[in-house]
Amino acid sequence: SLINDLLALQELESKQVSIQLEEIDLQGMLKDLALVFQQKWAAKGLTLCLNLPPGSLRMSSDRDSLNRILLELLTNAGKYSHPNSQVELQITHSPTPANNTIRLTLCNLGAGIAEEELPFIFDKFRRCQGATDNAVQGTGLGLALVRSLVQLIGGTISATSTPQPGTEFYQTCFILDLPQALDGSAL
């Protein structure tokens, strides 16, 4: 897994990756992933709540890259979530002539990310103090790979981690903005 992640990152960083644009039913993709993760997370008592807009939402992008991004983010949400809590994945889409972006926001409740570590979480081999203190398995490559894949398909990613009043927990959110229609000629 480590070698595969390193090779994937090297290819992305050297711009040796080509993308295959195709029409994607985003809601269908997310519902399929939700079934997989509900089963994976059952033992920890986690639930995945999809907050999707009504109707169909289609986008033109690279299916493999988008799938890998979502797998990595959901895997991390499961690792760092407090047992018996809820992970929420929300999609918002409000197209305008100047901006036709789809926003995916993935939030979980857990130990959180320290404010001083937030700017570095997408760096290679960077693991937050909470991850190492709690012996959460990982290589520190997942979010670096996510950032590179997001950039490959023309998007941006950011993260927030805010304390929840009256608890010891933080709500950590990853915000992914993707173009609804990726223009292959611009890549």
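- Ser85 places no side-chain N or O within donor-acceptor distance of the main-chain N or O of Ser81, the cut-off being under 3.5 Å.
- Residues forming a side-chain hydrogen bond (donor to acceptor under 3.5 Å, both in side chains) with Asn100 (at least two apart in sequence, or on another chain): His93, Gln180.
- Heavy atoms only, all atoms of each residue included: Ala77 and Leu106 are closest at CB-CD2, 4.1 Å.
- When every heavy atom of Gln164 is checked against every heavy atom of Leu109, the shortest pair comes out as CG-CD1, 3.6 Å.
- Between Pro179 and Gly154 the shortest heavy-atom distance is CD-O, 3.4 Å.
- The main-chain N or O of Ala181 is never found under 3.5 Å from a side-chain atom of Ser60 such that the two would form a donor-acceptor pair.
- Atom CD of Glu23 has more than 12 heavy atoms from other residues, nucleotides or ligands within 6.0 Å.
- With contacts defined as side-chain heavy-atom distances shorter than 4.5 Å, the pair Met29/Ile24 qualifies.
- Looking only at side-chain heavy atoms (C-beta outward), Val36 and Gln38 stay at 4.5 Å or farther from each other.
- Residues Glu72 and Gly142 approach most closely at OE1-CA, 3.5 Å, considering heavy atoms.
- Environment of OH in Tyr170: sparse, with no more than 12 heavy atoms of neighbouring residues, nucleotides or ligands closer than 6.0 Å.
- Not one N or O on the side chain of Ser65 forms a donor-acceptor pair closer than 3.5 Å with the backbone of Asp62.
- Note: Phe122 and Phe174 have perpendicular aromatic rings, judged against thresholds of 30 and 60 degrees for the angle between ring planes.
- Atoms CG and NZ, from Leu26 and Lys31 in turn, are 10.5 Å apart once rounded to the nearest 0.5 Å.
- Identified under the salt bridge (Lys or Arg N to Asp or Glu O under 4.0 Å) test for residues 156-181, with sequence neighbours left out: Arg103-Asp177.
- Interatomic distance, Ile91 CD1 to Asn51 CG, rounded to the nearest 0.5 Å: 9.0 Å.
- The two residues Cys107 and Thr105 have their closest heavy-atom pair at SG-CG2, 3.7 Å.
- No side-chain donor-acceptor contact under 3.5 Å links Lys44 to the backbone of Asn84.
- Remark: the backbone N or O of Leu145 is not paired with any side-chain donor or acceptor of Ser148 at under 3.5 angstrom.
- Of the possible polar contacts, one joining the Gln27 side chain to the Gly55 backbone as a donor-acceptor pair under 3.5 Å is found.
- With a 4.5 Å cut-off on side-chain heavy atoms, Met59 and Leu178 count as touching.
- Rounding to the nearest 0.5 angstrom, the gap separating the CG atom in Leu176 from the CD1 atom in Ile157 is 5.0 Å.
- Ile113 and Ile121 make their closest contact through CG2-CG2, 3.8 Å (heavy atoms, listed as atom of the first residue, atom of the second, distance).
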